Amino acid sequence: MKDFILPGRDMGTPARKGAPVSLTIDGFAITVPAGTSVMRAAAEAGIRIPKLCATDSLEPIGACRLCAVEIAGQRGTPASCTTPVAPGMVVHTQTEALARLRRGVMELTISDHPLDCLTCAANGDCELQDMAGAVGLREVRYAPGANHFAQRAAEVANPEWRPKDASNPYFTYDPAKCIVCMRCVRACEEVQGTFALTIDGRGFASRVVAGQDVPFMASDCVSCGACVQACPTATLQENSVIAIGTPERSVITTCAYCGVGCSFEAQMRGDTLVRMVPWKEGKANRGHSCVKGRFAWGYAQHQDRILKPMVREAITDAWREVGWEEAIGFAAARLSAIRAESGPDALGVITSSRCTNEETFLVQKLARAVFGTNNTDTCARVCHSPTGYGLKQTFGTSAGTQDFDSVEAVDCAVVIGANPTDGHPVFASRLRRRLRQGAGLIVIDPRRIDLLDTPHMGEGLHLALRPGTNVAVLTALAHVIVTERLYDEAFIRARCDWDEFADYMEFAARPEHAPEVVEALSGVPAANIRAAARAYAAAANGAIYYGLGVTEHSQGSTTVMAIANLAMMTGNIGRPGVGVNPLRGQNNVQGSCDMGSFPHELPGYRHVSDPAARGVFEAAWGVSLSPEPGLRIPNMLDAAQSGQFRAIYIQGEDILQSDPDTRHVAAGLAAMECVIVHDLFLNETAAYAHVFLPGSTFLEKDGTFTNAERRINRVRRVMAPKNGFADWEVTQLLANALGAGWAYSHPSQVMDEIAATTPGFAGVNYPMLEARGSVQWPCNDAAPEGSPIMHVDGFVRGRGRFIRTEYIATDERSGPRFPLLLTTGRVLSQYNVGAQTRRTENTAWHAEDVLEIHPHDAEVRGVKHGDLVRLASRVGETSLRAEVTERVAPGVVYTTFHHPGTQANVVTTDNSDWATNCPEYKVTAVQVSASNGPSEWQSDYAALISLQRRIAPAAE
Amino acid sequence: MRDEKLIRMANQIAAFFVSQPGTASEGVAAHINDNWSPPMRAALLAHVAGGGAGLALAVVEAAPRLRPPPARAAKA
Ligand code: SF4
Ligand code: SF4
Ligand code: SF4
Ligand code: FES
């Protein structure tokens, strides 16, 4: 019987871990872990007990009584969802008495439910229907009476009836259909951790309400959709299902938004996407998702998508639509001419962290093997390059140490410079669940992030440091740990170089690193620094999670080293519940770094000057490769202005909007003679392009993404590319026009080439991913099953290395002209430069970028909530609306960069990390004042962009 | 390449290695050799040859250890 159970079926209650327990159900012997419910045990034996309020993503509550069973030797009919198994138990799931009982329960439920199944959006996908059938309900004997579903009874309005709540753009709440099973309420609490829903009233009067009985959009709801997924009826229903109908097939794929890398079922009808449902077997997300992945995919069909290639002689001309052949020919001719004149180093590429591993691999191969230069870089430069550098120096590998499941064993979570509820929502939900179980929380961030306000046990400790002082504060934590002897000597002696630790100990113990001294420059009370250090060091499992607030600083790399030092000195490496966990921004930041996007590193992080590494690729590609590091993005732009760098191919990135110091980027692009933009939309960068190649969405291609836990997930094509080609095919067309002679017919062949040349990927191939779902690199002969946790028995580099972390203040200091510090971030509903999310209903949440400012700073400037204000730094100015809030400390202002109209990067400077040139987005000295309109740059820019966006009418 | 930018980048690298045990100029040279493209190294070497105004001592001392850029890039 067991053989027929398909994965993904609802088992009724969550799985348990425990000693085996044997029992019989309807005569079948079955053994399950202790703590398993009778319902789940039956499901494992292949028997489905009728149920309404239970589902396996939620703890059971025993509310509906439909799942009653008989147990030999016990009186009555216990609910099987809340009854745990016991050794030797004998269970009957279907008897005459049970059948009668269940029909009675169903009859009562249905008596308060409209019988409009034929026109209901959940028709065919409704558990209430299924159960009516399962229990053999044939009649409802209750006379029509008090109910919730009829708008009017006789001549009078029904006081119990409520209209639909369609305030949320993605789903509708129809109270008439609610059976009060409370699955939605539990999903919002247990799975999402937001607590937006409650049951109001008692007995017959009870109903589900959002917040204090307000529309969903006015409540705390973050539109994750967990409640919609949990609802067994049409009460909470996706609008796309209401509009289209139920799906008929599904394809497993991976979200293309953030570094969590959630797995989804893309549920289809024909080639129309009906809905995205997070996949229960997905190891990163375990069946949960956020508003972006589940709902914000409308951009794929948006009318702004450019589907035909375009070219123009000069950026001042209007665009001319052409065929693929002409566009590729135009681009290849320009590239060849420039190469002939100025040599290969006048050419370069930018790979995308949004595209697949296979696509990224091909773009850097195009630069190295076809152009003949190492001028390749990626937008990961502007977010996590210090992570790669810092962790390689200390641990020996450029990646985080854990899987996401590890959070279930964390006792003390330290969150530094990250805002997971907005940036990495599904990880945040998993962390909050652990916090509710009692884990401690320490937040090191200039802003009071939402994680601190989640209902959980105990108070989080917030070290609200001044932007730019990370290294000072983290070194002060180390100071407390070494001077109070809280370090793990046995771990350090076994795993690290003791002499290096002794050097670091001497360094950290210096009086200038004491919390009492650091308090003056960081603004964090010394007592809090001491308390945080003690809590982290004392925890059985301490884990550090960090984001762009760590890396995007002039000392980003040093901060990553300081984090690695803390983890090593406390022995928090190499087992579940600990580690150093970078929270990556975009979906494939990890992958784009792994795939050799950086100018000094071949795929697998091997330096271009290493003859052995070059030899591998030279043999595979049949060319000789340059041993010299190429240019980084900012250096390309500099070199363009001095005429040395003349042509660039940019895949899936909008550097004009995402990179700092917009004027510098614009000047660099304007100086180039061949800018090829390959993207979904005419993005901001395309205003400076000569060739536009239409891109494809993640729904239209095969490939893999690698998430923040090094997990390689499959992306699967669910519909044909609207533009005609997947992105990897476009790169191949360009390469072949330059004489490369590539002949890939499927991305799996590219993965085979990656595996053959890159040791950490040696064991990865598509059949294996098909069979296992996903795998975490390294995956090779040494680790055939992949590596959920790294550095288990020893560091990749041998011994862990302690590196001194001297605090060096950034050049970007507030002074009389620019007295405030600006720091930047993102919100939940929007993604990066917003090119996709702005083209979805997500704009309902974040229609514009706003400037958060403390009431004190606002008052002295005469700025009120909602005022348009001028934000100026030494490099530029822009204007946006003010939001007066105590989330930010006095002296600090905060904004996001999702909207091109705001152009927050007009004010950010070209300061960057000392080791990697990752830009210092997180600290800019600024002034804020009242404004009465857009800045000069904003108006000029708007005019310029609309001029350079013109598309000539198609010639007949 | 703009010299003031290269000077700032080189000085930032120097500031890190000066804080480390060992000889700072060795760390500076190794880091620049690993990460800077030939035209950038050429520009830095030219600046050092011209007196090295504004450069941290560790950068000037690192100059002899910098890998000379190949001929093609040096003239750019
Ligand atoms: S969508 Fe998510 S946050 Fe909103 S009510 Fe449902 S479960 Fe809660
Ligand atoms: S809205 Fe759906 S999930 Fe929530 S109580 Fe009603 S029927 Fe159950
Ligand atoms: S954006 Fe991130 S958290 Fe949200 S569904 Fe996609 S991968 Fe998951
Ligand atoms: S399913 Fe067990 S009581 Fe509802």
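Letters go in sequence order (proteins before strands), and every chain restarts at 1. Only heavy atoms go into these numbers, but all of them, side chains included; no hydrogens, no water, no symmetry mates. Worth saying up front: this structure is predicted, and the values here are computed from it rather than measured.
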#### Entry: Criterion side chain to side chain contact (heavy atoms under 4.5 Å, CB included) on A:Leu631 and B:Met40, from CA distance to verdict
CA-CA 9 Å; A:Leu631 294 167; B:Met40 292 166 66; 4.0 Å; yes

Going from [atom1] on [X] to [atom2] on [Y], what distance comes out if it is rounded to the nearest 0.5 angstrom?
X: A:Phe598; Y: B:Asn35; atom1: CZ; atom2: CG; result: 10.5 Å
X: B:Gln20; Y: A:Ile803; atom1: CD; atom2: CD1; result: 6.5 Å
X: B:Phe16; Y: A:Asp913; atom1: CZ; atom2: CG; result: 10.0 Å
X: B:Leu6; Y: A:Asp638; atom1: CG; atom2: CG; result: 7.5 Å

### Message
Give the interface residues of residues 24-32 of chain B toward chain A, defined by a heavy-atom separation under 4.5 Å.
### Response
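Under the 4.5 Å heavy-atom cut-off, B:His31 qualify.
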
### Message
I need the residue from A:Glu628, A:Glu806, A:His600, A:Arg632 with the largest number of non-hydrogen atom pairs under 4.5 Å to chain B.
### Response
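Counting heavy-atom pairs under 4.5 Å, the top option is A:Glu628.
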
### Query
Has the side chain of B:Gln12 got a donor or acceptor atom that lies under 3.5 Å from a matching backbone atom of A:Ser912?
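A pair under 3.5 Å: yes.
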
Which answer fits [X], side chain, backbone, both or neither, if we ask what part of it has an atom under 4.5 Å from a heavy atom of chain B?
X: A:Tyr807; value: neither
X: A:Asn374; value: neither
X: A:Ser554; value: both

### Message
If I compare all heavy atoms of B:Ser19 with all of A:Arg804, which pair ends up nearest, and what's the gap?
### Response
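In terms of heavy atoms, the two residues are closest at O-NH1, 3.2 Å.
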
### Message
Could you tell me if the side chain of A:Pro627 sits less than 4.5 Å from the side chain of B:Arg67, heavy atoms only?
### Response
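Counting from C-beta outward, B:Arg67 and A:Pro627 never come under 4.5 Å.
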
### Task
Flag the pair A:Asn635 / B:Lys5 as yes when at least one side-chain heavy-atom distance between them is below 4.5 Å, and no otherwise.
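Contact flag for A:Asn635/B:Lys5 side chains = no.
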
### Query
So which of B:Asp34, B:Asn11, B:Ile13 has the biggest tally of heavy-atom pairs under 4.5 Å with chain A?
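The candidate making the most pairs under 4.5 Å is B:Asp34.
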
### Contact winner vs chain A - B:Ala14, B:Ala15, B:Pro21, B:Ala10, heavy-atom pairs under 4.5 Å
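Top count of heavy-atom pairs under 4.5 Å with chain A: B:Pro21.
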
#### Entry: Proximity breakdown for B:Asn33 and chain A, heavy-atom pairs closer than 4.5 Å
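The backbone, not the side chain.
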
